[in-house]
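What follows is a short report on a single structure.
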There are 2 protein chains.
Amino acid sequence: MKTKNKNVMTLEEFKEKNYGKRGTKKRDELEAGYENFKIGVLLHQARLEKGLTQEELAAKVGTTKSYISKIENNIKEARISTLQKIVELGFGGHLELSIKL
Amino acid sequence: MKTKNKNVMTLEEFKEKNYGKRGTKKRDELEAGYENFKIGVLLHQARLEKGLTQEELAAKVGTTKSYISKIENNIKEARISTLQKIVELGFGGHLELSIKL
DNA sequence: ACGCAAGTTTCACTTTAGTGAAACAATGTT
DNA sequence: AACATTGTTTCACTAAAGTGAAACTTGCGT
């Protein structure tokens, strides 16, 4: 059977693991207004909240776990239409975006 | 000298002009949950609010008016990073996006 | 320590955004 | 009508996203 979703990483832990501690050049560069950085984290968090594995999510959306991994880690910049598909088909939610002037 | 920005089109007028009246297949298809549809309109509106021509905006962002036209009309799906550049450099604003579960 | 499940990375290929120039169309001004 | 401004479209090319398969890595559980 499936193992329970015990240890859900905090946002900070996730960032630290993947991008280093706050204050390091790598991390700072990524966080400097780079919206894409946030996308991967949002997706990662949403997936954990729903208790899905990358593979399960991929199946719902109609893609592969390797692609999910890449966008969660911001290795590839997913399109808006792709993000929408993931959020809708994968989580039953929706994407929202707006321009703040 | 530059002509005053007299006739700012309403959102509905803009949509009607570019995609047809509400109820037509073309318009309905585009509006059916297609976030990209909204992007072009948001960008168009923001540009008019700032009183910029496509060419002026393009110069600020470092691209051409032909590209601006394409994304306002959703002919090309701009990347998130590109949208950010436009909103920041062109309008001095920022893009916001979130996942609603 | 082994084996399984979950996630990451690499390789290779297709599609599409990003881009500019230039032609074209539409709209407004005198 | 002629002209100027603004916006759209086409053509063509380059870089990067989108994608899958499969190999590889990293825990976790017994």
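As a basis for the values below, the full set of heavy atoms in this structure was taken, side chains included, without hydrogen atoms, waters or symmetry mates. Chain letters run A, B, ... following the sequence lines, proteins first, then strands; residues in each count from 1. Predicted model only: the values in this text are computed from it and were never measured.
- What separates CD1 of A:Ile75 from P of D:dT19 is a distance of 16 Å, to the nearest Å.
- Contact check, B:Arg79 against D:dA16: no side-chain N or O comes under 4.0 Å of OP1 or OP2.
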Legend entry - Test log, rule side chain to side chain contact (heavy atoms under 4.5 Å, CB included), inputs A:Thr82 and A:Val61: CA-CA 9 Å; A:Thr82 303; A:Val61 176; over 6 Å; no
Legend entry - Stepwise side chain to side chain contact (heavy atoms under 4.5 Å, CB included) test for B:Lys50 and B:Glu56: CA-CA 11 Å; B:Lys50 292 284 181 179; B:Glu56 289 167 339; over 6 Å; no
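- For A:Arg47, taking side-chain heavy atoms from C-beta onward, the closest of the listed nucleotides C:dG7, D:dA21, D:dG7 is C:dG7.
- B:Thr64 and B:Ala58 make their closest contact through C-CB, 3.4 Å (heavy atoms, listed as atom of the first residue, atom of the second, distance).
- Annotation: of the two residues near DNA chain C, B:Lys85 and B:Lys65, the 5′-most nearest-nucleotide partner is B:Lys85.
- Rounding to whole angstrom units, CD1 of residue A:Ile71 and P of D:dG20 are separated by 12 Å.
- Regarding B:Ile80, its CD1 atom lies at a distance of 13 Å from the P atom of C:dA17, rounded to whole Å.
- Nucleotide C:dA5 holds its C1' atom 15 Å from the CG atom of A:Leu52, rounded to whole Å.
- Computed from C1' positions of five pairs at each end, the angle between the two local axes of the helix from C:dA1-D:dT30 to C:dT30-D:dA1 equals 40°, rounded to 10 degrees.
- Between the side chain of A:Lys70 and the base of C:dT10, a donor-acceptor pair under 3.5 Å is found.
- The shortest distance between side-chain heavy atoms of A:Val87 and A:Leu43 falls below 4.5 Å.
- Under the 4.5 Å side-chain criterion, counting only non-hydrogen atoms from C-beta, A:Ile86 is in contact with A:Ile71.
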Inset, instruction - Please report the C-alpha distance between A:Gln54 and A:Tyr67 in whole Å, then the side-chain angles of each, then the deciding distance to 0.1 Å, and finally whether the side chain to side chain contact (heavy atoms under 4.5 Å, CB included) criterion is met. - result: CA-CA 9 Å; A:Gln54 289 183 340; A:Tyr67 182 57; over 6 Å; no
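- The nearest heavy atom of DNA chain D to B:Ile68 and to A:Gly62 marks one nucleotide each, and the one closer to the 5' end goes with B:Ile68.
- Considering every non-hydrogen atom in both A:Arg47 and A:Leu52, the closest pair reads NH1-O, 2.8 Å.
- Taking atom NZ on B:Lys76 and atom C1' on D:dA12, their separation rounds to 10 Å, with Å as the unit.
- Within the 4.0 Å cut-off from OP1 or OP2 of D:dG20, at least one side-chain nitrogen or oxygen of A:Thr63 is found.
- In this structure, A:Thr82 reaches the D:dG18 phosphate: one of its side-chain N or O atoms is under 4.0 Å from OP1 or OP2.
- Distances from the side chain of A:Asn73 to the nucleotides D:dT19, D:dG7, C:dT8 place C:dT8 closest.
- Across all strands, A:Ser69 comes closer than 4.0 Å to base atoms (heavy-atom distances).
- Rounded to whole angstrom, the span from the NE2 atom of A:His44 across to the C1' atom of C:dT8 amounts to 13 Å.
- In this entry the distance linking CG of B:Leu57 with P of D:dT8 reads 12 Å, nearest Å.
- In this structure, CD of A:Glu55 is placed 8 Å from C1' of C:dA6, rounded to the nearest angstrom.
- Note on A:Ser66: a base of the nucleic acid sits closer than 4.0 angstrom, heavy atoms only.
- Distances shown here put every side-chain N or O of B:Tyr67 at or beyond 4.0 Å from the OP1 or OP2 atom of C:dT19.
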Legend entry - Test side chain to side chain contact (heavy atoms under 4.5 Å, CB included) applied to B:Gln84 and B:Arg79, step by step: CA-CA 9 Å; B:Gln84 263 173 225; B:Arg79 285 187 208 145; over 6 Å; no
